[in-house]
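Only one structure is covered here, and it is reproduced in the block below.
We number each residue from 1, following the sequence as shown.
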Amino acid sequence: QVQLAESGGGLVQAGGSLRLSCAASGRTFDSYAVGWFRQAPGKEREVVGAIIKGSGYGTYIADSVKGRFTISRDNTKNTVYLQMNSLKLEDTAVYYCAADQVFPRVTSGRAAYWGQGTQVTVSS
């Protein structure tokens, strides 16, 4: 049983930055891979990126955000971060984090645990 809570969303101007946090409950956070997903109005949910369990040296970043977004984790704080730079209007979406002990289940959108989401709105 893992509970996830996203925070850090809000309204930001195009070209600006936000850092989203995904805070997890439990004492075995380092055994979970964590992914970030987003869903814009009228669009399918898409994977933004993911980070492997443990030290988190391995990450996956979607082509649509590569070079602008990065994922990191701090296991001492049970938290995974999504740093978003050079934000564009098309980044507007609800952002979700998800966790699973099996990395492919995270990247495929089949993770066992999901947060409630946080709204990111990019304005011109």
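The minimum heavy-atom distance linking R68 with L87 is given by the pair NH1-CA, 3.9 Å. Here the closest heavy-atom approach between residue V106 and residue A98 is recorded as CG1-O, 4.2 Å. R110 and D100 make their closest contact through O-OD2, 4.1 Å (heavy atoms, listed as atom of the first residue, atom of the second, distance). Annotation for L20 and M84: closest pair CG-CE, 3.7 Å, computed over non-hydrogen atoms.
Between F69 and Y95, the ring planes are tilted. Angles from 30° to 60° get that label.
Between the R73 side chain and the I52 main chain, a donor and an acceptor come within less than 3.5 Å of each other. A side-chain donor-acceptor contact under 3.5 Å links E6 to the backbone of Q116.
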Apply side chain to side chain donor-acceptor pair (under 3.5 Å) to residues Q101 and S31 and explain how you reach the verdict. CA-CA 6 Å; Q101 291 184 319; S31 70; 3.2 Å; yes
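No side-chain N or O of Q13 forms a donor-acceptor pair with one of S123 less than 3.5 Å apart. Residues N85 and S17 bring a donor and an acceptor atom of their side chains to less than 3.5 Å of each other.
In this structure, D91 pairs ionically with R38, as a charged nitrogen and a carboxylate oxygen lie closer than 4.0 Å.
Under a cutoff of 6.0 Å and an axis angle of 45°, R45 and F37 form a cation-pi pair.
To the nearest 0.5 Å, atoms SG (C22) and CH2 (W36) are separated by 5.0 Å.
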